[in-house]
Amino acid sequence: MPDTHNNIRFRNGESVGFEDFFKENYAVFSSFACRYIPDRDLCEDLVQEVFLSFWEKKDSFESKVSAKSFFYTSIRNACLNKIKHDKVKLKYLNYKWPENETSDSFLDAVFKKEAYREIYHEVNKLPEMARKVLKLTLRGKSNDEIASLLGIAVNTVKVHKNRTYRILRKNLHDLYYLFLFLRKPVSA
């Protein structure tokens with residue numbers, strides 16, 4: 001019998017286990033927080049605090065989407081409050097603390113994180129050899145180089161690529177075109 005005590009029931013009838021929701025989103029939320037604060041440990045602490053706040057309010061969310069919206073907004077606000085409080089300059093970013101951030105740039109960051117997460121999720125579901133071929137392709141390796149590195153025939157590389165692209169096109173839907181853009185090696 002499933003443990004319904006730890007389930008989150010949204011007002012639209014959707015239900016998800018808190019532990020599953022935590023495992024599915026914790027790394028992404030922590031990574032999002034690192035966009036504002038380059039200290040990974042501090043970001044993880046802030047995300048955990050938002051999870052505690054979420055747990056206290058878990059019955060007030062309409063859906064999983066509204067819950068994620070709460071997380072992104074709360075994490076952003078917690079990071080900005082921490083930066084302001086400590087007067088810490090953000091390192092490793094091209095701009096100072098995000099005073100000049102617009103709603104559009106915030107939404108762009110959310111979209112990018114979710115899109116990359118979905119792409120990596122689908123790539124990680126691929127069979128091992130297909131994943132290896134794809135990763136080498138993304139690093140700009142030719143079919144001959146991939147075949148040599150993996151000890152397989154060039155035609156086998158081509159078959160893996162063809163199957164991989166077909167699987168990703170089917171599973172990623174509209175994000176497949178973003179993936180195609182990302183897979184092009186950057187010329188120096």
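Hydrogens, waters and symmetry mates play no part in the numbers below; they use all other heavy atoms, side chains included.
K68 NZ: more than 12 foreign heavy atoms inside a 6.0 Å radius.
With sequence neighbours excluded, the residues satisfying side-chain contact (heavy atoms from CB on, under 4.5 Å) with E49 are L46. Scored by the side chain to side chain donor-acceptor pair (under 3.5 Å) test, S148 finds no partners at all (sequence neighbours excluded). Remark: S69 engages T73 in a side-chain contact (heavy atoms from CB on, under 4.5 Å) (not counting sequence neighbours). Every side-chain contact (heavy atoms from CB on, under 4.5 Å) that D39 has, sequence neighbours left out, goes to I37, D41, L42. Evaluation of the salt bridge (Lys or Arg N to Asp or Glu O under 4.0 Å) rule for K135 yields no partner, not counting sequence neighbours. With sequence neighbours excluded, the residues satisfying side-chain contact (heavy atoms from CB on, under 4.5 Å) with E128 are R131, K132.
Summarising the geometry, atom CZ belonging to F71 is positioned 5.0 Å from atom CZ belonging to F54; distances are rounded to the nearest 0.5 Å. Atom CD1 in I167 sits 12.5 Å away from atom OH in Y165 (nearest 0.5 Å).
Under a hydrophobic clustering in which Ile, Leu, Val, Met, Phe, Trp and Tyr are joined whenever their side-chain heavy atoms come within less than 4.5 Å, directly or via other members, V65 and I75 fall into different clusters.
Sorted by first and then second residue, the side-chain hydrogen bond (donor to acceptor under 3.5 Å, both in side chains) pairs with a member in residues 149-163 read N143-K161; sequence neighbours excluded.
The side-chain heavy atoms of Y72 and R76, taken from C-beta on, include no pair separated by under 4.5 Å.
No donor-acceptor pair closer than 3.5 Å links the side chain of E56 to the backbone N or O of S53.
T164 pairs with exactly one of V123, V159, L134, T137 by the side chain to side chain contact (heavy atoms under 4.5 Å, CB included) rule, that one being L134.
Taking a 4.5 Å side-chain heavy-atom cut-off between Ile, Leu, Val, Met, Phe, Trp and Tyr, the cluster of V157 extends to M129, V133, L136, I146, L149, L150, I152.
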Which pairs of donor and acceptor atoms, one on a side chain in residues 22-32, lie under 3.5 Å apart (sequence neighbours left out)?
| residue | atom | partner | partner atom | Å |
| --- | --- | --- | --- | --- |
| K23 | NZ | E19 | OE2 | 3.0 |
| E24 | OE2 | K64 | NZ | 3.4 |
| N25 | OD1 | R117 | NH1 | 2.8 |
| N25 | ND2 | F21 | O | 2.9 |
| Y26 | OH | Q48 | NE2 | 3.2 |
| S30 | OG | Y26 | O | 3.0 |
| S31 | OG | K113 | NZ | 2.8 |

